[in-house]
Amino acid sequence: MGVALKVRGLQASVGSVKILNGIDLDVPFGEMHALMGPNGSGKSTLCHVLCGHPDFTAEGEAWVDGREVLGLEADERARLGLVQAFQSPVAVPGVDLAELMREAAEERGIDPEEADRRIAEASRRFDMAPFLERSINDDLSGGEKKRSEIFQISVLSPKAALLDETDSGLDIDMVRKVASAVEEMRGPGMGVLMITHHSRILSYVEPDRVHVMMGGRIVTSGGPGLAQELERDGYEGLRKRLGIKTPSAAAPARPSSDFFTDLPFEV
Amino acid sequence: MLSLNSDTLERLNAAVPASVASRRREALREYGRLDMPSPKEENWKYVTLGFDLDAMTIPAAPGDTLPEGDFLSALSHRAGSAVMVDGRLTGIENHSEAWLGSAAEAWGAYPPSDLLTPDTDKFAAAALAFSSDGISLRIPRNRAVEAPFVIDVQSTLPDTVTFPSLDIRAEENSEATVVVLLRSPDEVASVMVPNLQTTVGSGARLSVTTVGIMGNEGVTIMHHRSRIGRDATFRAGEIGLGGRLARIDLRTTLEGAGGSVEVVGLYFGEMEQVLDYRLVVNHVGRSTSSDVFLKGAVEDQAQSVFTGLLRIEEGAVGTSAFETNRNLVLSDGAKANSVPNLEILCNDIICGHGSSVGPLETEPMYYLMSRGLSRQRAERVLVRGFFEEAIGRLPVDDLDEPARQAVNRRFAEAQEGGRV
């Protein structure tokens with residue numbers, strides 16, 4: 001089976017701050033990989049750099065189903081099949097969710113009836129009916145935003161899905177739904193990279209691989225047992241095992257302003 | 001063709017009551033005394049008129065009526081309508097209990113409103129002196145008229161100036177909806193100076209929405225004065241799309257306790273257009289409330305101006321006053337000026353204002369593009385979304401769709417032409 005997402009030597013910075021220090025990663029089709037790591041280790045940045053956020057400069061290589069994506073505009077990457085569920089998605093007042101999905105489908109040349117069918121199906125699964133005609137992420141709770149994100153992944157069914165902490169802020173029923181959706185999506189047409197802080201979701205959906213990021217690098221990878229080790233020993237324990245020094249508090253692990261949380265949208 | 005002089009005035013005065021005639025003469029004196037406004041004056045800053053009123057003439061007879069157009073055809077369900085062409089009332093239709101007719105006819109029953117004073121500026125003086133005709137709408141007390149009244153004001157003849165007077169009164173506990181369209185064909189350089197006066201009686205609920213869709217050479221200099229009684233509700237809607245220069249000088253006075261006013265709407269300027277909004281909301285009565293909410297965009301070399309003053313008089317305790325003006329600047333050559341202002345002369349009030357001017361935001365752009373929308377499509381979706389909030393607040397639902405179509409089409413055309 002081919003590789004949904006392949007990354008080699010990926011480095012990235014915002015301004016003069018270097019955040020990713022050389023990432024290598026392979027997520028084959030049909031697999032789900034978990035990406036774990038302490039706050040500030042660069043997990044969200046990896047998603048944004050892969051998806052083409054304009055604030056980052058990136059070096060290295062990344063392929064989605066064999067197509068090079070670095071250097072492409074964000075929309076081209078999405079249409080090649082790389083879509084992320086945002087950790088803190090921005091509000092877009094005046095644009096409703098169904099409208100966004102229809103526009104996204106139209107851009108991909110998907111028949112409007114087929115688009116509506118997918119929207120209806122995903123909406124049933126994630127109880128999104130009340131949100132379809134509402135502005136995107138506007139006046140939504142944290143959990144509702146996560147539902148909206150996984151709903152969009154489900155509608156867009158990308159080749160490589162990046163789920164950035166989609167399981168946090170959800171109640172247990174919704175975590176189960178997300179897990180079962182990931183399980184269903186983990187077919188021959190999709191590879192999933194799931195960033196998570198909690199091993200909770202991993203008890204509902206077993207990852208094929210677990211990667212741990214620290215200081216902008218993947219420091220170790222392993223089977224599902226690695227998540228259990230982290231649950232037991234914490235990142236401190238893992239550092240000890242791998243002989244990694246605890247970063248000092250002053251180290252600029254991420255840009256000073258965390259612009260991916262609670263972005264203001266004022267126009 | 002009639003020049004703006006005393007001969008014309010006396011000709012117009014021949015058929016009006018003495019009280020009206022003397023007010024006209026007073027307005028003519030003001031007209032002679034006042035200079036043409038200049039951009040050096042704060043209230044006319046950013047505005048280049050490009051014509052001299054003294055050199056213009058009033059048409060002696062109306063030209064041909066304009067074809068209907070998108071906005072009018074969307075207003076199929078009406079309580080009544082009136083058409084003014086080149087300053088003359090050419091058609092009236094009324095299916096309601098309200099009184100709708102020519103201003104001249106109305107003067108027989110009651111004097112015209114005097115909310116606009118001739119010392120306001122030269123245009124106000126001219127409007128009060130030389131208005132050849134107007135429309136009067138009166139909603140009797142305790143009557144509610146559901147469907148909108150449509151007042152279609154047209155200017156069809158080049159190099160002319162017209163002074164349509166629109167006098168709207170909602171009596172005690174009445175309810176009505178009014179739409180005023182200001183129109184002219186493209187390539188016709190005409191100036192329209194409407195004098196819109198609205199009086200909202202105690203407990204009445206009135207909305208007046210103005211739709212500015214003049215052609216590319218047309219100019220409108222509108223004065224809109226309103227007076228709001230006790231526990232009355234007034235909503236002023238605005239859709240500003242047309243004209244080389246379109247100015248609205250709106251002053252609303254919340255006189256009675258518990259009255260409220262809402263000024264909501266949108267504007268979108270393209271090419272060399274200047275869209276000029278000067279708003280004053282004056283809180284006089286206790287526990288009055290106001291909410292100004294205007295969203296606008298400019299592209300090409302267009303310019304918009306918003307100055308909004310919330311004035312809270314001594315004694316207007318318990319006032320709540322809010323003002324929001326958001327602007328999208330879609331081309332490098334376009335400019336939006338936004339100046340909200342507060343003048344508070346009393347304590348115990350709630351007041352707030354917000355204003356912004358800028359391009360489309362990058363984070364929402366990235367978000368939409370990350371779903372696979374091309375940059376151009378994402379821009380269109382964001383512009384549409386930007387206006388949607390204002391469209392949702394327009395007082396007349398029938399106007400939502402033509403307003404939506406007009407702004408979306410305007411931006412899409414600019415995209416296709418590589419202008420944004």
Side-chain angles (χ1 to χ4, degrees), chain A residues 47-48 50-56 72-86 88-97 99-110 133 135-138 148-149 152-153 155-158 162 164 259-267, chain B residues 264 266 268 293-298 304 324-330 336 338 340 352-394 400 403-404 407-408 411-412:
Chain A
C47 287
H48 285 293
L50 287 173
C51 289
H53 192 288
D55 283 356
F56 296 96
L72 299 180
E73 290 270 358
D75 61 311
E76 295 172 296
R77 302 182 196 205
R79 292 198 301 276
L80 283 176
L82 177 64
V83 179
Q84 90 164 293
F86 285 72
S88 307
V90 66
V92 191
V95 181
D96 71 49
L97 188 57
E99 180 187 358
L100 172 62
M101 291 295 95
R102 287 192 196 106
E103 293 280 355
E106 197 180 308
E107 191 79 69
R108 289 167 169 82
I110 294 169
E133 312 294 326
S135 289
I136 301 162
N137 301 319
D138 203 12
S148 166
E149 291 296 302
Q152 293 180 50
I153 295 287
V155 173
L156 299 172
S157 65
L162 309 177
D164 192 356
F259 39 82
F260 299 126
T261 53
D262 298 319
L263 287 160
F265 178 60
E266 283 281 80
V267 287
Chain B
V264 292
L266 58 113
F268 194 166
F293 184 86
L294 279 178
K295 291 185 108 170
V298 278
S304 68
T324 307
N325 176 235
R326 306 264 177 238
N327 294 278
L328 273 184
V329 180
L330 300 166
S338 180
H353 61 77
S355 140
S356 63
V357 173
L360 289 169
E361 299 263 335
T362 54
E363 287 302 331
M365 272 300 290
Y366 168 59
Y367 187 81
L368 298 191
M369 288 173 72
S370 80
R371 270 51 185 136
L373 277 63
S374 68
R375 184 173 292 278
Q376 287 215 331
R377 185 186 290 265
E379 285 173 354
R380 285 198 298 277
V381 169
L382 286 181
V383 168
R384 192 160 79 204
F386 172 81
F387 281 115
E388 209 48 48
E389 198 181 1
I391 289 170
R393 290 183 63 174
L394 287 173
D400 292 359
R404 186 177 287 133
V407 293
N408 293 345
F411 183 66

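Chain naming here is simple, since letters A, B, ... match the order of the sequence lines and numbering starts at 1 in each. All values below come from the heavy atoms of this structure, side chains included, with hydrogens, waters and symmetry mates left out.
A/Gln152 touches chain B through its side chain: at least one heavy atom from C-beta onward sits under 4.5 Å away, while N, CA, C and O do not. Looking at A/Arg77, neither its backbone nor its side chain comes within 4.5 Å of chain B, counting heavy atoms on both sides. Interface remark: A/Asp96 contributes no atoms to any contact with chain B (heavy atom separation under 4.5 Å). Using a 4.5 Å cut-off between heavy atoms, B/Arg380 makes no contact with chain A at all. Contact annotation for A/Glu103: both backbone and side-chain heavy atoms come within less than 4.5 Å of a heavy atom of chain B. Using a 4.5 Å cut-off between heavy atoms, A/Ile136 touches chain B through its side chain atoms alone. Of the two parts of A/Leu100, the backbone and the side chain both hold a non-hydrogen atom closer than 4.5 Å to a non-hydrogen atom of chain B.
Side-chain atoms of A/Glu107 come within 3.5 Å of backbone atoms of B/Ser374 as a donor-acceptor pair (strictly under, hydrogens ignored).
Checked against salt bridge (charged side-chain N to carboxylate O under 4.0 Å, His left out), A/Glu99 has the following partners two or more places apart in sequence or in another chain: B/Arg384. Scored by the side-chain contact (heavy atoms from CB on, under 4.5 Å) test, A/Ser135 finds A/Asp138 as partners (sequence neighbours excluded).
Between A/Ala91 and B/Pro364, the closest heavy-atom pair is O-CG, 4.4 Å. Residues B/Ser370 and A/Ala78 come closest through the heavy atom pair O-CB, 3.3 Å.
Going from atom CZ of B/Arg371 over to atom CZ of A/Arg79 covers 14.0 Å, rounded to the nearest 0.5 Å. If you take CG on A/Asp55 and CD on B/Glu363, they are separated by 6.0 Å, rounding to the nearest 0.5 Å. Interatomic distance, CE of A/Met101 versus CG of B/Leu373, reported as 8.0 Å (0.5 Å rounding).
A heavy-atom distance below 4.5 Å is not found between the side chains of A/Val92 and B/Glu361.
Residue with the most contacts toward chain A among B/Glu388, B/Arg375, B/Met365: B/Arg375 (heavy-atom pairs, distance under 4.5 Å).
Ring orientation note: the planes of B/Tyr367 and A/Phe86 are tilted relative to one another, at an angle of 30° to 60°. By the 30° and 60° cut-offs, the orientation of the rings of A/His53 relative to B/Tyr366 is perpendicular.
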